[in-house]
Structure formats: structure tokens, C-alpha cells
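Below, chains carry the letters A, B, ... as their sequence lines are ordered, and counting in each starts from 1. Not measured: the values here are computed from a predicted model.
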2 protein chains.
Amino acid sequence: MQNSEAMALSAALLAVAGELTQRIHDGVVARGFEGVRPAHGFAFARLAPGGATVTELAAHLGVTKQAASQLVDEIVRKGYAERRPHPGDARARLVVLTERGWDCTRAAEEAAAEAVRAWAAVTGEAEVRKLGRLLGRIAPYGPVRPAW
Amino acid sequence: MQNSEAMALSAALLAVAGELTQRIHDGVVARGFEGVRPAHGFAFARLAPGGATVTELAAHLGVTKQAASQLVDEIVRKGYAERRPHPGDARARLVVLTERGWDCTRAAEEAAAEAVRAWAAVTGEAEVRKLGRLLGRIAPYGPVRPAW
DNA sequence: GGATAATGGTCAACCTGCTTGACTACCTTG
DNA sequence: CAAGGTAGTCAAGCAGGTTGACCATTATCC
């Protein structure tokens, strides 16, 4: 495969990813959840199944635990999560989603589904499924399984 | 298509995009170009075919012209581009790539090709081509044609 | 069991990249 | 040629991240 072909593929992939991020964000805002940024979505995904500690969250987001702690401050202040004592480790605190956090997560799901439906309208649903299978095989850390 | 399926597709897409960005960046650094960030790559792509003004670059990157101007300062200081007087408009300045800027752009191409070849090793080259076609159809602003 | 090291979390200071606002120089339109 | 629009820069401020230091708790190892 030629370099220029790889570059075209890369450019298309990054463009689609950027637009998807934007559309999900817009969709979430349109559903009434303000003051939430794309980074929060990645955090919610890690928090959803039973919560996580700040350190775990930091590892998942690829930032320092200080940055993760600040992010948690923010989503707690905005009512999307809360800090609870950690069962079995008095040093740690378990960060869990509130009901509002779950609502926001579901809104993100709907927004993502909406964006993907727009693709299906262009290429057909079968092709979109094919896309999903291809990306799932290519994705780092093996096939991606959403945690929510 | 179910919401959870759309979410899995989205997660895989964003994961792949993130990893691709990382791999291209690493590849560029490994080829001896330090102090460049992913955002510079998007700038280079706009500058490559004949240069661009700061305002055009700002529009392409989706930032203010002040931010674009700062970015140009940086890549000029690092030797990747230079400001030339604009033919036909004394207010404007044409930002063009230097030879080193072109070298860096080619290095990014090679790094992208390398990353894509890694995918072909997993799914086969035919599948990767299929992926490129699908993404090209889905990408915003119609099929993406790289400018370099 | 108790000293020592490792881990979870926070506070504080700083850095970087971007934004808003104000301004100058030049172009365009009547 | 006057009046308004456009290209670009300067300056100040903000937001989100980093590094470094620190305390409380837990794990390790004679």
C-alpha cells in the first residue's frame, strides 16, 4: 500500500473521529447536560460498572492522578458522580456515578447511535456493521467491549 | 442498530484514532523530528500545497487566528516553516513549509503507512482498503483527499 | 510485632495552549 | 477619498494539564 493511500485513510479516520466526538458532545448538550466535556465521557465509561478509584481513573484516561482528581472534583461538583469510602481500603475512595451521571451516560449512548445512523443512511447499515467489525479487530487492547 | 452497538463502534473508532495519532507522532519523533505535536501535522497538511495565510490556517484548524499565529510562530522558530510576503495583499503573509517542513511531512506519511501496515497484518490488506473506502464515504466534507 | 517501603489521595505552584479584547496596517467599496 | 471590512499582532487571562511535596493507610519483610 502506498504512503499516500495510508495518509488518506488516516486523514479520513481522524476526520470521522473528530466529527463523531463533536456530534456526541452536541447530542449530549442538546439533551440538557451542560458543562460536560468529551473527556468526561471517557471517565463515565470507566466509572459506570461499579465505580473506580482516582488512580484507576487516571490510568484509564492516561493522565496523572492529580489531573484525574481535579476531573472528579468537577463532575462531583456538577452532580454527575460522588465519592464514597472504599470498602476494604481506608486510603482509597470509590468514585461512583449518581443517577444524573447515569442519565448523562445514556444520553451519550443515544447521541452516538444517532451519529452512527447518519452513516448508515450514507453507506447502508450492513456496511456500518462491517466497519464496526473491522475497527473492533484493529482497536488496541483487543476487541473493544464497552463497559456500560 | 442498538445503542450499545453504536457505542461499541464509537469506542473502537475513538480508540483506533487515538492510537493512530500516537503512532504517527512516535514515528515522526523516531525519525528525528522533535518538538512537533499532532496539531502541527494538521497545519502542515494545510500549508503543504502552496502555503496559506494565518487566517486560512485558523479556519482549517478550528481555532482563533491568534492561536494559529502562535502555532506559526512555533513552527517557524523550529525551522519547519517561514513567513513570506503575500503576493497581491500587503496585509497578509504567506506561510510556507521549509525543506525541513517537507521532510517532516514525509516522515509523517511513512509513520502513517507503517501504522496502517500493522492493521493489514491483522485483518489483511483487502480489509484495510475496504476500511479506507468506508471511512472516505463517511468522512465530513465528502471523501477526504489529502492535500500533500 | 514493628520498622520500612509502597500506595491512594490531596495541596500548591507552575507551564502551555487557547481565548477574548484592543489595536495597527492595509484593502475595498461607495 | 471617506468609511467600513479584513489580515495580523500584542497583551492579559483562563483552563487543563504537569511536577513536587506531603499525610494517611496498607503491604512487606526480617
Starting from the 5' end of DNA chain C, give me the residue, A:Val54 or B:Leu71, whose nearest nucleotide shows up first. A:Val54
Using whole Å, report how far NE2 of B:His86 lies from P of D:dT6. 16 Å
Tabulated below should be each protein N or O lying under 3.5 Å from an N or O of nucleotides 13-16 of chain D; please produce it.
unit_1 : atom_1 : unit_2  : atom_2 : d
D:dG16 : OP1    : A:Arg37 : NE     : 2.9

Considering only NZ, NE, NH1 and NH2 on the basic side and carboxylate oxygens on the acidic side, decide whether B:Arg23 and B:Glu114 come within less than 4.0 Å. no
Lys/Arg-Asp/Glu bridge criterion (N-O < 4.0 Å) met for B:Arg106, B:Glu99: yes
Walk along DNA chain C from 5' to 3' and tell me the first and last nucleotide with an atom closer than 4.0 Å to a non-hydrogen atom of chain B. C:dG17 to C:dC27
When you measure from the side-chain N and O atoms of A:Arg93 to the phosphate of D:dT25, is any distance below 4.0 Å, counting only OP1 and OP2? no
Quick one: B:Glu56 CD to D:dG8 C1', roughly how many Å, whole number? 13 Å
Let me know, please, whether A:Ala67 or A:Ala90 comes out on the 5' side of the other along DNA chain D by nearest nucleotide. A:Ala67
Rounded to whole angstroms, how far apart are CZ on B:Arg84 and P on D:dG8? 15 Å
Less than 4.0 angstrom from a charged side-chain N to a carboxylate O is my criterion; do B:Asp103 and B:Arg100 meet it? no
For B:Thr53 and D:dG8, is the shortest distance between a side-chain N/O and OP1 or OP2 below 4.0 Å? yes
At less than 4.0 Å, is any side-chain N or O atom of B:Ser69 found next to OP1 or OP2 of D:dG8? Yes or no. no
Among Ile, Leu, Val, Met, Phe, Trp and Tyr joined by side-chain contacts under 4.5 Å, find the other residues sharing a cluster with B:Val122 and list them by chain and number. none
CG-CG distance between B:Leu20 and A:Leu9, expressed to the nearest 0.5 angstrom: 8.5 Å
Looking only at the side chain of A:Asp89 (C-beta and beyond, no hydrogens), which of the listed nucleotides D:dA11, D:dT18, D:dT26 gets closest? D:dT26
Per nearest nucleotide of DNA chain D, the residue lying toward the 5' end, A:Gly88 or A:Ala39, is A:Ala39
CD (B:Glu74) and CG (B:Leu71) are apart, to the nearest 0.5 Å, by 6.0 Å
So, is B:Thr55 close to the D:dT6 phosphate, meaning a side-chain N or O under 4.0 Å from OP1 or OP2? no
Rounded to the nearest 0.5 Å, what separates atom CH2 in A:Trp119 from atom CD in A:Glu19? 8.0 Å
Give a yes/no on whether any side-chain N or O of A:Thr64 is located under 4.0 angstrom from OP1 or OP2 of D:dT18. yes
Any salt bridge linking A:Glu5 with B:Arg129? Criterion: basic side-chain nitrogen under 4.0 Å from a carboxylate oxygen. yes
Identify whether the distance between the nearest side-chain nitrogen and carboxylate oxygen of A:Lys130 and B:Glu127 falls below 4.0 Å. yes
Can you check whether any acceptor in the base of D:dT6 is under 3.5 Å from a donor in the side chain of B:Arg91, or vice versa? yes
Rounded to whole Å, the CD-P distance (B:Gln66 to D:dA12) equals 15 Å
